[in-house]
Amino acid sequence: MSCIRYSPNTIESYGTPTSSSSFLKDDQEAWNLAYLSWDFDKCKTWPDPHFSTHVRRTLQFVIATGALDLTADVNTGGKVRCFLRAPAPAAAYQITNMLRVKELPLYLAYGEAWLTRVNARARNYREPYDERFDYAIDDVSISFEVIRACK
């Protein structure tokens, strides 16, 4: 499954990453998690110097055991990283409903406020082709066509 970028703009448009966070430019799942975890539209700086490390460690979190896969021994499908390939609302749902959510490095660092932010930002996500529905419906009969197109 290919990865969808959650942010409407590229990472460069949200400020220049530091050397410790430069991996975000080349890692779409990492950028997606970072984008959900922090409001880069309002604040271009990281919440703290360890933010990118928390993102990386959360991606390495093994869902079944709660361990961190630092040596890439576990298949990607068994780690939090796999959630970030789905659309943002699905990723937020999967993260929120994990049995070990409170053990995630980002949760340990930022608490319930982080999880609330992830869910709020995920609701703002739009599929790449959603703009086709961005027009006013002047006639109610057209709304049925729009609903059918969404199914």
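This is a predicted model, so every value here is computed, not measured.
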Check: [Y] and [X] side chains under 4.5 Å, non-hydrogen atoms:
X	Y	value
R81	V74	no
L36	W114	no
R100	V80	no
I95	N119	no

Check: [X] side chain, [Y] main-chain N or O, donor-acceptor pair, under 3.5 Å:
X	Y	result
R57	L68	no
Y6	L84	yes
W38	C43	yes

Between [X] and [Y], which heavy-atom pair has the shortest distance, and what is it?
X	Y	result
I63	C82	CD1-SG, 4.2 Å
S37	L106	OG-CD1, 3.6 Å
A122	A92	CB-CB, 3.6 Å

To the nearest 0.5 Å, tell me how far [X] [atom1] sits from [Y] [atom2].
X	Y	atom1	atom2	answer
D39	R117	CG	CZ	8.0 Å
H54	L59	NE2	CG	13.0 Å
L104	F61	CG	CZ	5.0 Å

Joint hydrophobic cluster, [X] plus [Y], side-chain heavy atoms closer than 4.5 Å:
X	Y	value
V101	Y93	no
M98	V55	yes
V62	F83	no

Fill in: Exceeds 12 heavy-atom contacts within 6.0 angstrom, atom CG of L70
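Result for CG/L70: enclosed.
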Subject >> Over 12 foreign heavy atoms within 6.0 Å of CZ, F40 >> reply: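 Correct, the count exceeds 12.
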Query raised in the report: Do you know which of K79, R56, R85, R5 makes salt bridge (charged side-chain N to carboxylate O under 4.0 Å, His left out) with E29?
Result: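 So, applying the salt bridge (charged side-chain N to carboxylate O under 4.0 Å, His left out) to E29 and each of K79, R56, R85, R5, only R85 qualifies.
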**Asked** Parallel, tilted or perpendicular for Y110 and F51, by the 30°/60° rule?
**Response**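 Geometry flag for F51 against Y110: tilted rings.
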